[in-house]
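Structure record follows, encoded as C-alpha cells.
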Amino acid sequence: EVTTDYILKGIEPVSTTNRKTVKTLYLGFVLIFATIAGIWSFAANRFNYDEIIMIILAGGVGQRMRNSGMPKQFLEVHGKPIIIYTLQKFERCDDIDEVVIACNVYWMDHMKELLGRYGIKKAKRVIPGGKDRQESVKNGISAITELGAGDDDIVVIHDGVRPLIETAIISENVRVA
C-alpha cells in the first residue's frame, strides 16, 4: 500500500508500514506550515509602522582624499555636490517620510544652504555629526527621538557619499525591515 504523503515533499512513495517515514513527513509538513504562519504573522506586524525616517551620515572630513580641506560629500561631480545626488534619491523614494542629516559641525550652514538650493524637502533637520560613525548614528537617533520618533517607526541609515543607491533597493530594505 502506498500513501500520497510523498507529494508534499517531492520524494518517492513510501509504504504506510514504514511509520517512522510517515511521521517524519507529517512533522515536516506541520513545521513548514507553522513556519509559514509565523512568517506571515511577523510580516503583518512589521508593516504596522508610523513613519520611515532616514539618517544620512555626512560628518566625515575625507582625510584620505587630500582635497584641500573640503569634505568629500561636498565635492562636486558634474556640477552638483555628491551629497545632493544621495539626498535626491531619498527625496524621490515614496517609502521615506523624512530625513535627518548628521553633518560635520563646521559645514552645517553649507549643508542647509544646499538643501534650499536643490529643493530637498524631506530633510527635517541638520545635526552635528560625531567624532566617528557610531557617534553620528547616536546623534541621529537622538535627534529623531526629539522629533517624536517612536518604537513603531523604521529608521534607515545611509552614508552621504554613497549616491549610487537605487530607490528599488531602498524600498526593498524598508519592506523587509
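You'll find the side chain of K89 stays beyond 4.5 Å of the side chain of H158, heavy atoms only. Looking at heavy atoms from C-beta onward, N173 lies out of side-chain contact with V156 at the 4.5 angstrom threshold. Within the 4.5 Å cutoff, the side chain of Y118 has no heavy atoms near those of the E91 side chain. Using a 4.5 Å heavy-atom cutoff, the side chains of L75 and V161 are not in contact. Between R133 and D159 the shortest side-chain heavy-atom distance falls below 4.5 Å. Using a 4.5 Å cut-off on side-chain heavy atoms (C-beta onward), R92 and I170 make no contact.
Put simply, CG on D153 and CD1 on I53 are 4.5 Å apart, with the number rounded to the nearest 0.5 Å.
Proximity of a side-chain donor or acceptor of K122 to a complementary backbone N or O of C93 within less than 3.5 Å is detected. Judged purely by atom type and a 3.5 angstrom limit, D50 has no side-chain atom pairing as donor or acceptor with the backbone of D152. In this structure, D97 contributes its side chain and I52 its backbone to a donor-acceptor pair below 3.5 Å.
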Check your understanding: Given the rule in the side-chain contact (heavy atoms from CB on, under 4.5 Å) test, do M54 and V174 qualify, once you have shown the distances and angles that lead to the verdict?
Key -> CA-CA 11 Å; M54 183 82 225; V174 167; over 6 Å; no
Exercise for review: Dump the intermediate steps for salt bridge (charged side-chain N to carboxylate O under 4.0 Å, His left out) on D95 and R175, then the final yes or no.
Suggested key: CA-CA 9 Å; D95 289 316; R175 185 187 69 76; over 6 Å; no
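Salt-bridge formation is not detected for the pair K138/E135: no Lys NZ or Arg NE/NH1/NH2 atom is positioned less than 4.0 Å from an Asp or Glu carboxylate oxygen.
Smallest separation of non-hydrogen atoms from A58 and I101: CB-CG2, 4.1 Å.
Below 30°, between 30° and 60°, or above 60°: for F74 and H110 the angle between ring planes is above 60°, a perpendicular geometry.
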